[in-house]
Amino acid sequence: MIDLRTLREDPDRLRASQRARGEDDSVVDTLLALDERRRSALTSFEAMRAEQKSMGKSVSKAQGEEKAALLQRAKELASQVKSAEAEAEKLAGELDEVLQTVPNIVEEAAPPGGEDDYVVLETHGEPRVFDFEPKDHLELGERLDAIDMERGAKVSGSRFFFLKGVGARLQLGLLNMAMQHAIERGFTPMITPVLVKPETMQGTGFHVAHDKEIYRLPDDDLYLVGTSEVSLAGYHAHEIIGGDELPLRYAGWSSCFRREAGSYGKDTRGIIRVHQFDKVEMFSYVRPEDAAAEHQRLLEYEKEMLAKIEVPYRIIDTAAGDLGMSAARKFDCEAWIPTQGRYRELTSTSNCTEFQARRLAVRYRDKDGKPQHLATLNGTLATTRWIVAILENHQQADGSVVVPAALRPYVGLDVLEPAK
RNA sequence: GGUGGUGUCGCCUAGUGGCCGAGGGCGCACGCCUCGAAAGCGUGUGAUGGGGCAACUCAUCCGUGGGUUCAAAUCCCACCACCACCGCCA
């Protein structure tokens, strides 16, 4: 959520941000007008309420006819107070409704534009030159008896799959390595709920009512998370955290669920785009002034993980229009996928500044003891999709796959051999 | 799933319609005292929003949301969480 006081003082900042995202900047004027009306309604309600309170005192002291007269006037005032309050609440509700739809203010350094306007910041490693025709990850996975899409579809439908044998071992090893990576860097490991209440989903920046990506359980008013970021953002909701406890760093392991509505026909083969996958996610709560540095830190940890699986990758600075609701800046690491001849997203790290914390009421005490909103950041350490990059980049002519050295202790195998 | 109980300021607690504009204790902060400390004594002690340059001031907040009333922590309804017991399942 945007800070209203900041908006009043510097509305042009939000206007510029909206334009960078390619979104409507007239919402600024809508907000300012509503805010003005809300404040004047609030002031008049408060004045009436103060009068009502003092009158209430006189009623209790008065006697006889005087009391009856006072009571009569108090009754009239009570109904006026009621409607003044209703008016103030109505306007507050309208303001909040608009406020809920306004995305975070983007960092000035973020590239303007849409999905294709990203800027490549770094490229690491060179795409491997094969002296044989490389197989795609699904063919490799099937030969290894590691990935079973057909039975996934039989049991659950399209975009579901089984990881089996070395496939299951590969994922467990990868995610365990990610967890260990995080623990060594001071993160607290967490296994999080995957079903959350609407306010948690909403607070993290997803629209419970409109978002087509969210799986819903309407009978229970619960929602399946698309990432443990949601649960970890909600973890400290409505808390005031002592300044000496900061920064708080968590590494969440969870299954993630995405409906992938509107992506029909995209990435239909294999496990690139699926309805359910597993992920280890970093999540930090820091003081707002430390957020940019924390963002670089999370990106650094992602780079270290990518180095461990030894795949070529690049880092992109996501354009403003592709940031999503909560992020002010986002860096993606994309790995080279040989059979696609292009880079695909393996990690994503977002600086959400105070946006999520304001919605979820996560605060800390500053030096003066005043509660202030924290900044939240998240970043990927490993996901099921990494298996695609590992299989394709480390395959050999016979269909076997060399396990990257750092991963071997976690997988317990040096080479994955095709099943007979 | 059922029955009963509980939910008040960081913690414990008082509070059964107007004296609650929430009292007390603990903790914490500051001051007095002391060579220093403890004890003792005194003062202060939350959040949100509005107004004000500010000191300050007004409103809201007693699990959450509704309702009754001139007036609600207090009465009524629903929900949530926790505890106990019963049932069911593993």
Side-chain angles (χ1 to χ4, degrees), chain A residues 1-11 31-100 102 192-193 195-203 208-209 217-223 231 234-246 248 285 288 354-374:
Chain A
M1 206 188 322
I2 298 299
D3 181 29
L4 263 182
R5 274 184 228 182
T6 310
L7 180 73
R8 280 179 213 143
E9 284 162 22
D10 187 7
L31 283 172
L32 290 173
L34 263 175
D35 179 47
E36 193 63 47
R37 291 174 58 203
R38 176 196 128 252
R39 279 188 292 164
S40 85
L42 187 63
T43 303
S44 74
F45 156 68
E46 284 179 354
M48 284 178 164
R49 176 68 178 147
E51 196 187 339
Q52 184 190 29
K53 280 170 78 168
S54 69
M55 188 173 280
K57 300 260 157 22
S58 335
V59 169
S60 65
K61 284 177 197 132
Q63 294 291 329
E65 274 180 37
E66 192 193 355
K67 184 157 188 168
L70 275 172
L71 216 60
Q72 184 54 38
R73 277 203 290 150
K75 264 182 195 172
E76 285 161 19
L77 189 56
S79 75
Q80 284 172 26
V81 167
K82 209 168 201 176
S83 68
E85 184 175 27
E87 177 67 9
E89 275 176 5
K90 194 190 108 205
L91 286 166
E94 282 174 26
L95 177 63
D96 188 61
E97 208 169 292
V98 178
L99 214 48
Q100 288 285 330
V102 178
T192 66
L195 283 168
V196 298
K197 296 181 182 179
E199 57 263 37
T200 307
M201 192 57 97
Q202 197 79 20
V208 164
L217 279 75
D219 285 355
D220 302 280
D221 202 16
L222 287 172
Y223 302 81
S231 311
Y235 187 67
H236 287 298
H238 302 289
E239 293 182 20
I240 300 175
I241 293 158
D244 53 347
E245 291 176 65
L246 296 171
L248 287 169
Y285 293 88
E354 297 105 292
F355 188 84
Q356 292 176 330
R358 195 167 285 119
R359 289 178 155 220
L360 290 163
V362 188
R363 293 172 293 169
Y364 74 104
R365 285 194 193 279
D366 67 14
K367 287 187 199 75
D368 303 324
K370 287 270 162 274
Q372 306 282 356
H373 289 104
L374 282 163

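Residue numbers begin at 1 in each chain, while the letters A, B, ... track the order of the sequences.
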Check: Just by modelled atom types, is the A:Gln100 backbone N or O under 3.5 Å from a matching donor or acceptor in the A:Arg359 side chain?
Finding: yes
Check: Going by heavy atoms closer than 4.0 Å, what residues in residues 355-363 of chain A are next to RNA chain B?
Finding: A:Arg363
Checklist line | For B:G36, the Watson-Crick or wobble partner whose two distances fall under 3.5 Å | finding: none
Check: How long is the line joining CD of A:Glu89 and P of B:G50, in whole Å?
Finding: 16 Å
Checklist line | Strand partner of B:A47, provided both Watson-Crick or wobble distances fall under 3.5 Å | finding: B:U60
Checklist line | Smallest separation among heavy atoms of A:Arg365 and A:Ile240, with atom names | finding: CG-CG2, 3.8 Å
Checklist line | Between B:G51 (P) and A:Leu42 (CG): distance, integer Å | finding: 9 Å
Notebook entry, point to check: Just how far, in rounded Å, is C1' of B:G67 from CD of A:Glu85?
Noted result: 13 Å
Item checked: Closest to the A:Ile240 side chain, choosing from B:G49, B:A47, B:A71 -> B:A47
Next item on the list: Measure from the side-chain heavy atoms of A:Pro371 and tell me the nearest of B:C58, B:A47, B:C70.
Entry: B:A47
Notebook entry, point to check: Which atom names give the shortest non-hydrogen contact between A:Leu222 and A:Lys197, and what distance separates them?
Noted result: CD2-N, 3.9 Å
Checklist line | Point-to-point distance, once rounded to the nearest 0.5 Å, from CG of A:Asp3 to CZ of A:Arg8 | finding: 8.5 Å
Check: Is the count of non-hydrogen atoms from other residues, nucleotides or ligands lying under 6.0 Å from A:Phe45 atom CZ greater than 12?
Finding: yes
Check: For B:U68, does OP1 or OP2 lie under 4.0 Å from any side-chain N or O of A:Lys82?
Finding: yes
Check: Given atom CE of A:Met1 and atom C1' of B:U48, what is their separation to the nearest angstrom?
Finding: 13 Å
Next item on the list: Take A:Tyr285 and A:Tyr364 through the test side chain to side chain contact (heavy atoms under 4.5 Å, CB included) and record every step on the way to the result.
Entry: CA-CA 10 Å; A:Tyr285 293 88; A:Tyr364 74 104; over 6 Å; no
Next item on the list: Round to a whole Å and report the spacing from CG of A:Leu99 to P of B:G49.
Entry: 12 Å
Next item on the list: State, to 0.1 Å, how close A:Leu360 and A:Gly234 come at their nearest heavy-atom pair, and which atoms those are.
Entry: CD1-N, 4.1 Å
Check: Atom NZ of A:Lys370 to atom C1' of B:U48: distance rounded to whole Å?
Finding: 12 Å
Check: What integer number of Å spans the C1' atoms of B:C26 and B:C9?
Finding: 13 Å
Notebook entry, point to check: A:Arg5 or A:Ala78: which one's nearest nucleotide on RNA chain B is closer to the 5' end?
Noted result: A:Arg5
Checklist line | Short side-chain N/O contact from A:Arg38 to OP1 or OP2 of B:G49, under 4.0 Å | finding: no
Next item on the list: Carefully, step by step, assess A:Ile2 and A:Leu31 under the rule side chain to side chain contact (heavy atoms under 4.5 Å, CB included).
Entry: CA-CA 11 Å; A:Ile2 298 299; A:Leu31 283 172; 5.8 Å; no
Check: Rounding to the closest angstrom, what is the interatomic distance between B:G10 and B:G67 at atom P?
Finding: 28 Å
Next item on the list: Apply side chain to side chain contact (heavy atoms under 4.5 Å, CB included) to A:Gln372 and A:Arg363, showing your working.
Entry: CA-CA 5 Å; A:Gln372 306 282 356; A:Arg363 293 172 293 169; 6.0 Å; no
Notebook entry, point to check: Expressed in whole Å, how much space separates the P atoms belonging to B:U74 and B:G15?
Noted result: 15 Å
Note to self: Partner lookup for B:C30, please. Criteria are Watson-Crick or G-U wobble with both distances under 3.5 angstrom; report none if nothing qualifies.
What the structure shows: B:G42
Checklist line | Between C1' of B:U48 and CG of A:Asp96, the distance in whole Å | finding: 14 Å
Notebook entry, point to check: Which heavy-atom pair separates A:Ser231 from A:Pro193 by the least distance, and what is that distance?
Noted result: OG-O, 2.7 Å
Margin query: Taking the P atom in each of B:G65 and B:G18, what is the distance between them to the nearest angstrom?
Written below: 23 Å
Next item on the list: Could you check A:Lys197 against A:Glu51 and say which one's nearest nucleotide on RNA chain B is further toward the 5' end?
Entry: A:Glu51
Next item on the list: Using the C1' atom on both, measure B:C77 against B:U68 and round to a whole Å.
Entry: 11 Å
I'd like a list of close polar pairs between nucleotides 52-56 of chain B and the protein, N/O only, cut-off under 3.5 Å.
none

Notebook entry, point to check: Does A:Arg365 make a side-chain N or O approach to OP1 or OP2 of B:A47 shorter than 4.0 Å?
Noted result: yes
Note to self: Ignoring hydrogens, what is the shortest heavy-atom contact between A:Val362 and A:His236? Give both atom names and the distance.
What the structure shows: CG2-O, 3.6 Å
Note to self: Applying the Watson-Crick and G-U wobble criteria at under 3.5 Å, what pairs with B:A81? Answer none if nothing qualifies.
What the structure shows: B:U6
Check: So does A:Arg49 get a side-chain nitrogen or oxygen closer than 4.0 Å to the phosphate oxygens (OP1/OP2) of B:U60?
Finding: yes
Check: Less than 3.5 Å between a donor and an acceptor, one on the side chain of A:Glu46 and one on the base of B:G49, is that the case here?
Finding: yes
Margin query: Under a 3.5 Å cut-off for both contacts, is B:C70 paired Watson-Crick or G-U wobble with anything, and if yes, with which nucleotide?
Written below: B:G18
Check: For atom C1', what is the distance between B:G27 and B:C89, given to the nearest Å?
Finding: 46 Å
Check: Starting at CD of A:Glu199 and ending at C1' of B:C79, how long is that distance when rounded to a whole Å?
Finding: 13 Å
Note to self: Taking B:U8 as the reference, what is the distance to B:A81 when you measure between their C1' atoms (whole Å, please)?
What the structure shows: 16 Å
Item checked: C1' spacing across the pair B:C28 / B:C76, given as an integer number of angstrom -> 40 Å
Item checked: Minimum heavy-atom distance between A:Ala357 and A:His373, given as atom pair plus value -> O-CD2, 3.5 Å
